[in-house]
Amino acid sequence: MIVRRSAAVLAATAVIGAACAPVALAAESPSPSPSSKALPSGLFGSADPTYDGVWRQSLALLAQHTVGVKPAKSAVDWLVGQQCESGAFAPYRADVSVKCDAKTMVDTNSTAAAVQALEALGADDAVTGAAVKWLKSVQNADGGWGYAPGGASDANSTSVVISALESADSDPEDQLTNEEKTPYDALLTLSVPCEEDGGGAFAFQPDKKGKLVANADATAAGVLGALGKGLVTEAGDTTKGSEKCVRGDSFTRENAATNGALYLADAIAKDGYLKSALAGAEDQPDHGNTADAVVALAAAGRTADATKALAWLEKNSRAWAAQSGPAAYAQLIFAAHATGTDPRDFGGVDLVKQLGATGPAGSNATATDTAVPSKEKDQDEDSGVSVWWIVGVGLVGGIGVGFLISSRNKKQPQP
């Protein structure tokens, strides 16, 4: 689902739409990549955290909690310390002694992921409550969310926020806009009609002509969102629904989830994996998207349809996870958990141990025993890599064309 490191680069290549254009003018100058020694000791992963620091930290802590590992206090403190006074989270704040302002690039995905992790760890209500309040305050009129506040709603962002609301016991059905739209209403508008190409899938956003283009990454996210499930989920009811794409005047979010799961099952049936959805990328397997699809299929009660993809991941994900870091290990743990697979023997790999090796050591204790501070901001400083430098690289690479900040906000066919 959802903002892996590659997706985070995409997220930074198009948020500029009309609503966000003024922010782009405040872009900072490029800065060198930080060395691993300069990174805070509580942070998971050694790669530059500019785009995914909060995201990967949240997934790592959530994954540890899921397998019964008590995260290190320094890791939890680091995540809590990243929160802005508004309740929102940016992908990474190198110097948390500097207060967030209008130039701080906060986003819904980082915030929603942090909420899920901190709720699981029993964080102070003042922390998660403020984050949920901020998420509600930036809801779009159509009921959904874009990557950045004010950006057009997309399936991925809307789904991960739904997950956050559910984890905080805030019913998305009650989150009505002035136009009386719920988050689920926004998702339904992104479900590709059965009679169209890619019918049953979710689109990331409508393209420039308003057409919905099937997107596997958005579909994996959309299925979870439509079911009201989070990043961590158990297998759903194995009693399958319709085996054909359904549509009609009484079309429900459950129908949309069923359709999306059918699309994913068909997409992975041949090879056992999904291919990269990045525009301009080589035609190659997408390990992260495949892991997300396994979770979505399991949540929809189609665990059997995920078997081939799960086996493929067990055989082929080792090098990818080692290179990609903590979020990748977390995604694999979520896939294992959703399908009842042992994450400590995933194709001969102990995912829990590998994840733990990327950050401060946790302990084999009840994860809910972790002490979570109300708010601490004593993190180490780090210059960080400018968002805009990476955006430039992404643009040159053909990942995003004509935009500068986040593909989560411009109506454009997405990877």
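Just so it is clear, the values below take in all heavy atoms, side chains as well, and ignore hydrogens, waters and symmetry mates. Predicted, not measured: the structure shown is a model, and the values here were computed from it. Start at 1 with the first residue, then count along the sequence.
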Requested in this report: Determine whether the side chains of Q116 and S167 contain a donor N or O and an acceptor N or O closer than 3.5 Å.
Outcome: no

Query raised in the report: Has the side chain of D124 got a donor or acceptor atom that lies under 3.5 Å from a matching backbone atom of A126?
Result: yes

Requested in this report: Please name the pair of heavy atoms, one in A114 and one in V54, separated by the smallest distance, quoted to 0.1 Å.
Outcome: CB-CG1, 4.2 Å

Report summary line: Rounded to the nearest 0.5 Å, the CD1 atom of I268 sits from the CG atom of N289 at a distance of 10.5 Å

**Report entry** Residues that E234 engages under side-chain hydrogen bond (donor to acceptor under 3.5 Å, both in side chains), provided they are two or more places apart
**Finding:** H337

**Report entry** Flag side-chain contact, heavy atom, 4.5 Å: F202 against D217
**Finding:** no

Requested in this report: Would you mind reporting whether Y92 and D48 have side-chain heavy atoms less than 4.5 Å apart?
Outcome: no

**Report entry** Heavy-atom closest pair, residues V232 and F334
**Finding:** CG2-CE2, 3.4 Å

Report task. Check for a donor-acceptor pair, side chain of T339 on one end and backbone N or O of A336 on the other, with a separation under 3.5 Å. Result -> yes

Query - Any donor-acceptor N/O pair, T177 side chain to K181 backbone, under 3.5 Å - result: yes

Query - Verdict with supporting geometry, T104 and K99, side chain to side chain contact (heavy atoms under 4.5 Å, CB included) - result: CA-CA 9 Å; T104 305; K99 290 187 176 182; over 6 Å; no

Query raised in the report: Taking the side chain from R253 and the backbone from A226, do they hold a donor-acceptor pair closer than 3.5 Å?
Result: yes

Requested in this report: List the atom of A261, the atom of L297, and the distance in Å for their closest heavy-atom pair.
Outcome: O-CD2, 3.3 Å

Query raised in the report: Going through the distances and angles, do K229 and V295 end up as a side chain to side chain contact (heavy atoms under 4.5 Å, CB included)?
Result: CA-CA 10 Å; K229 303 291 186 179; V295 175; over 6 Å; no

Query raised in the report: Do L79 and S58 come within less than 4.5 Å of each other through their side chains, counting heavy atoms only?
Result: yes

Report summary line: d(L224 CG, S163 OG) to nearest 0.5 Å is 6.5 Å

Query raised in the report: Nearest heavy-atom pair of L135 and A164: which atoms, and what distance?
Result: CD1-CB, 4.2 Å

**Report entry** Student check: side-chain heavy atoms of V96 and Q82 closer than 4.5 Å
**Finding:** yes

Report summary line: Rounded to the nearest 0.5 Å, the CG atom of L313 sits from the CG atom of L310 at a distance of 6.5 Å

Query raised in the report: With a 4.5 Å limit on heavy-atom distance, are the side chains of I162 and L187 in contact?
Result: yes

Report summary line: Closest non-hydrogen contact found for S46 with L39 is O-CD1, 3.3 Å

Query raised in the report: Do T111 side-chain atoms and T108 backbone N/O form a donor-acceptor pair below 3.5 Å?
Result: no

**Report entry** Side-chain donor or acceptor of S157 paired with backbone N/O of S153 under 3.5 Å
**Finding:** no

**Report entry** Close side-chain approach of D107 and Y51, heavy atoms under 4.5 Å
**Finding:** no

**Report entry** Q175 side, atom CD; T182 side, atom OG1 - distance, nearest 0.5 Å
**Finding:** 9.5 Å

**Report entry** Closest non-hydrogen atom pair between T219 and G260, with its separation
**Finding:** CG2-O, 3.4 Å

Query raised in the report: From E166 CD over to E119 CD, what is the distance, rounded to the nearest 0.5 angstrom?
Result: 12.0 Å

Query raised in the report: Quick check: are there more than 12 heavy atoms from other residues, nucleotides or ligands sitting under 6.0 Å from CD of E173?
Result: yes

Query raised in the report: Is there a side-chain contact between E314 and T341 (heavy atoms, below 4.5 Å)?
Result: yes

Query raised in the report: Does a side chain donor of either N156 or N109 reach within less than 3.5 Å of an acceptor in the other side chain?
Result: no

Report task. Output yes when a side-chain donor or acceptor of Q64 lies under 3.5 Å from a complementary backbone atom of A72, and no otherwise. Result -> no

Report task. For the pair E179 (side chain) and D142 (backbone), establish whether a donor and an acceptor sit closer than 3.5 Å, ignoring hydrogens and angles. Result -> no

Report task. With side chain to side chain contact (heavy atoms under 4.5 Å, CB included) as the test, would you mind laying out the steps for F251 and N259 before giving the verdict? Result -> CA-CA 11 Å; F251 190 65; N259 288 354; 3.5 Å; yes

Query raised in the report: Are the side chain of W312 and the backbone of D271 linked by a donor-acceptor contact shorter than 3.5 Å?
Result: no

Report task. Return yes if some donor-acceptor pair links the side-chain N/O of R93 with the main-chain N/O of Q83 below 3.5 Å, else return no. Result -> yes

Report task. Can you establish whether the number of heavy atoms outside D125 located under 6.0 Å from its atom CG is more than 12? Result -> no

Requested in this report: Evaluate the side chain to side chain contact (heavy atoms under 4.5 Å, CB included) criterion for residues F44 and L59: first the C-alpha distance (whole Å), next the side-chain angles of each, then the deciding distance (0.1 Å), finally the verdict.
Outcome: CA-CA 10 Å; F44 274 82; L59 266 63; over 6 Å; no

Query - Separation between OH of Y147 and CZ of F204, rounded to the nearest 0.5 Å - result: 10.5 Å

Report task. Using a 4.5 Å cut-off on heavy atoms from C-beta on, say whether the side chain of K136 contacts that of S170. Result -> yes

